[in-house]
A.B. asks: 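Pasting a structure here, questions to come.
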Protein chains: 2
Amino acid sequence: MPENRLLPGGGPLYIQVRDRVVARIVNGHWLPGNALPSEQQLAAEFGVSQGTLRKALDTLVTENLLLRQQGKGTFVATHTPHRELFHFFHLVSADGMRELPTTSRVLGIELRRATTTENTRLKLSRSASVIHIRRLRELSGKPLIIEDISVPARLFRGLETNGDAPPNALYALYEEVYGVTIRRAVEHLRAVIATAEETKLLNLPSGTPLIEIDRLGEALDGTPVELRLSRCNTQSHTYRSEIE
Amino acid sequence: MPENRLLPGGGPLYIQVRDRVVARIVNGHWLPGNALPSEQQLAAEFGVSQGTLRKALDTLVTENLLLRQQGKGTFVATHTPHRELFHFFHLVSADGMRELPTTSRVLGIELRRATTTENTRLKLSRSASVIHIRRLRELSGKPLIIEDISVPARLFRGLETNGDAPPNALYALYEEVYGVTIRRAVEHLRAVIATAEETKLLNLPSGTPLIEIDRLGEALDGTPVELRLSRCNTQSHTYRSEIE
DNA sequence: AAGTGGTCTAGACCACCAA
DNA sequence: TGGTGGTCTAGACCACTTA
């Protein structure tokens with residue numbers, strides 16, 4: 001009969017340690033940007049060797065949940081605008097250069113009842129509300145993307161009336177102000193024809209094809225927290241995807 | 001003055017070991033599907049501990065260059081149709097299910113001089129030749145993708161006259177017959193309007209938007225070896241991309 | 001039962017950073 | 001100078017596969 005050394009939980013030690021570390025991040029015991037205790041301290045606290053503790057942290061570092069800096073410490077990852085751009089923004093200019101969307105003009109922001117799609121995609125309760133943002137993003141001075149963003153009102157109370165227009169880097173705002181960290185996202189791309197309104201906003205001839213990106217963003221604990229539909233002009237920019 | 005234990009090469013031991021393992025795979029010392037010697041043997045051969053040897057192999061396993069099977073051994077990864085599908089084929093049906101392209105009808109295959117784009121993208125010498133394949137791929141019985149594929153003739157001698165039409169899983173063929181393993185690829189997506197020919201082949205109304213996928217595939221040593229332009233009907237299928 | 005990869009330890013030393 | 005992460009070892013034992 002196989003017996004485990006640490007009775008409750010089972011499985012490899014480093015997995016158990018990893019899960020306990022994740023739990024502390026998810027429940028806010030360690031906040032984004034905070035430094036973790038040193039590896040020696042953590043190893044002692046969890047009752048494992050440094051090697052095992054390191055193996056646990058290794059997995060979290062490759063998942064971008066932790067950030068290590070030699071000589072300084074281990075930190076909970078944060079959504080800097082830079083990371084948000086390189087990790088979550090995939091439009092690159094045709095010459096291969098990466099460009100940051102400099103400005104985004106908010107076309108509308110409102111609190112309203114969730115549509116049925118929003119309800120099912122975001123796994124909301126019946127009659128829940130969402131905050132919806134519609135905005136126009138520019139690259140190299142030209143409007144290229146129209147975004148429709150929906151987030152559960154319950155998690156982002158007051159976002160629609162916060163005085164200032166929401167910033168370009170939304171994920172940093174989610175994290176800093178509302179304590180919601182986007183951990184991963186799944187995107188589905190389709191080709192569509194720009195609507196009349198879109199041709200006007202993006203300053204395009206009618207009939208121009210766009211790429212529609214349907215993104216569902218998940219929080220640390222795996223719950224879906226953001227639904228984003230982007231319609232992008234890909235005349236001078238392309239969506240870049242690497243297969244390793 | 002910092003001194004390294006193994007004089008030539010410098011850097012961490014496990015990196016040096018990793019590079020030596022990669023070299024053996026690249027130069028064909030260990031072929032795809034082959035088993036490597038056991039970790040103990042390799043550690044002894046390289047003069048490092050099992051821990052260090054394992055750390056070296058770990059990096060290659062996460063890069064999909066090696067495959068470990070507990071109790072059996074460590075193997076050089078191969079391009080099975082399954083892997084090719086899950087790793088390199090990103091179109092999924094609208095209901096989220098994954099589907100394999102069952103058949104591909106070859107529309108044309110020829111040996112010809114490289115165009116200027118092919119020349120620069122594939123880094124060919126002047127006046128080099130390529131083999132070009134044009135084919136139609138079906139999903140759930142309907143034609144959905146038109147692919148234009150170009151590979152250097154030098155590496156794939158005779159591909160255009162090999163009797164049988166090239167199979168669906170091209171990467172497996174590249175690997176088994178020509179000893180060329182595709183390690184990674186970069187894709188750039190744009191929205192386009194189907195040409196008259198495409199609307200006919202894909203059985204679509206004129207003016208239908210398609211997604212164009214421009215893929216450049218790299219071999220084990222990093223040289224570009226395949227240029228592939230896919231034009232996809234995304235009415236019932238979407239291109240899926242995960243951001244972790 | 002023998003051979004393989006997978007986990008874990010205790011301890012050593014190195015490279016980097018900040019005060 | 002002291003603390004942090006990064007590397008490396010030698011050896012033990014576990015889990016899985018094959019015969």
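Note on naming: letters A, B, ... go to the chains in the order of the sequence lines (proteins, then strands), and numbering restarts at 1 for each one.
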A.B. asks: If I take atom CG in residue B:L13 and atom P in nucleotide C:dC13, what distance separates them, rounded to the nearest angstrom?
C.D. replies: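 Interatomic distance, CG of B:L13 to P of C:dC13: 16 Å.
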A.B. asks: Nearest whole angstrom, please: distance from the P of D:dT4 to the CG of A:L67.
C.D. replies: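 Checked: the CG to P distance equals 17 Å.
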A.B. asks: Which of residues 49-66 of chain A have a heavy atom under 4.0 Å from DNA chain D?
C.D. replies: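 A:Q50, A:R54, in order of number.
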A.B. asks: Taking OP1 and OP2 of C:dG6, is either one under 4.0 Å from a side-chain nitrogen or oxygen of B:R68?
C.D. replies: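 Yes, B:R68 has a side-chain N/O under 4.0 Å of OP1/OP2 on C:dG6.
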A.B. asks: Round to a whole Å and report the spacing from CG of B:L36 to C1' of C:dT4.
C.D. replies: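 Atom-to-atom, B:L36 to C:dT4, this comes out as 13 Å.
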A.B. asks: Does any N or O in the side chain of B:E84 come within less than 3.5 Å of the main-chain N or O of B:Y171, such that one atom is a donor and the other an acceptor?
C.D. replies: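 The answer is yes, because a donor-acceptor pair under 3.5 Å joins these two groups.
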A.B. asks: Where is the tightest heavy-atom contact between A:I145 and A:S230, given as atom of each residue plus distance?
C.D. replies: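 Answer, listing the atom of A:I145 first, then A:S230: CG2-CB, 3.9 Å.
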A.B. asks: When you measure from the side chain of B:Y14, which nucleotide among C:dG5, C:dT7, D:dT7 comes out closest?
C.D. replies: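 When the side chain of B:Y14 is considered, D:dT7 is the closest of C:dG5, C:dT7, D:dT7.
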A.B. asks: Between the protein and nucleotides 16-19 of chain D, are there any N/O to N/O pairs under 3.5 Å, and if so, what are the atom names and distances?
C.D. replies:
residue: D:dT18; atom: OP1; partner: B:K72; partner atom: NZ; Å: 3.2

A.B. asks: Does A:R20 pair with A:E45 as a salt bridge, N-O distance under 4.0 Å?
C.D. replies: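 Not counted as a salt bridge, because no side-chain N and carboxylate O are separated by less than 4.0 Å.
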A.B. asks: Choose from C:dC8, D:dT7, C:dT4 the nucleotide whose nearest atom is closest to any side-chain atom of A:P12.
C.D. replies: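 Given the options C:dC8, D:dT7, C:dT4, the side chain of A:P12 is closest to C:dC8.
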A.B. asks: Would you call B:D214-B:R121 a salt bridge at under 4.0 Å N-O?
C.D. replies: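 Judged by the 4.0 Å cut-off on N to carboxylate O distance, B:D214 and B:R121 do form a salt bridge.
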A.B. asks: A:E39 side chain: which of D:dT9, C:dG6, D:dG6 is closest?
C.D. replies: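 The nucleotide sitting nearest to the side chain is D:dG6.
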A.B. asks: Does OP1 or OP2 of C:dG5 have a side-chain N or O of B:Q40 closer than 4.0 Å?
C.D. replies: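 No, because none of the side-chain N or O atoms of B:Q40 sits under 4.0 Å from OP1 or OP2 of C:dG5.
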A.B. asks: Would you call the rings of A:Y239 and B:Y239 parallel, tilted or perpendicular, where under 30° means parallel and over 60° means perpendicular?
C.D. replies: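 Geometry flag for B:Y239 against A:Y239: perpendicular rings.
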A.B. asks: Atom CZ of A:F46 to atom C1' of C:dT7: distance rounded to whole Å?
C.D. replies: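 In whole Å, C:dT7 C1' and A:F46 CZ are 18 Å from each other.
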A.B. asks: Under a 4.0 Å N-O cut-off, is there an ion pair linking A:R83 with A:E175?
C.D. replies: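 Looking at A:R83 and A:E175, the cut-off is not met.
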A.B. asks: So that I can tick it off, tell me whether A:R183 and A:E218 are bridged by a salt bridge, with the cut-off set at under 4.0 angstrom between side-chain N and carboxylate O.
C.D. replies: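 Answer for the salt bridge query: no.
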A.B. asks: Does B:Y174 have its ring centroid less than 6.0 Å away from the ring centroid of B:H79?
C.D. replies: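 Distance test on ring centres: not under 6.0 Å, no.
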A.B. asks: For A:L42 and D:dT4, what is the distance between atoms CG and P respectively, to the nearest whole Å?
C.D. replies: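 Result: 11 Å.
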A.B. asks: Near A:R157 CZ, under 6.0 Å, is it more than 12 heavy atoms from other residues, nucleotides or ligands?
C.D. replies: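 Open: at most 12 neighbouring heavy atoms sit under 6.0 Å from CZ of A:R157.
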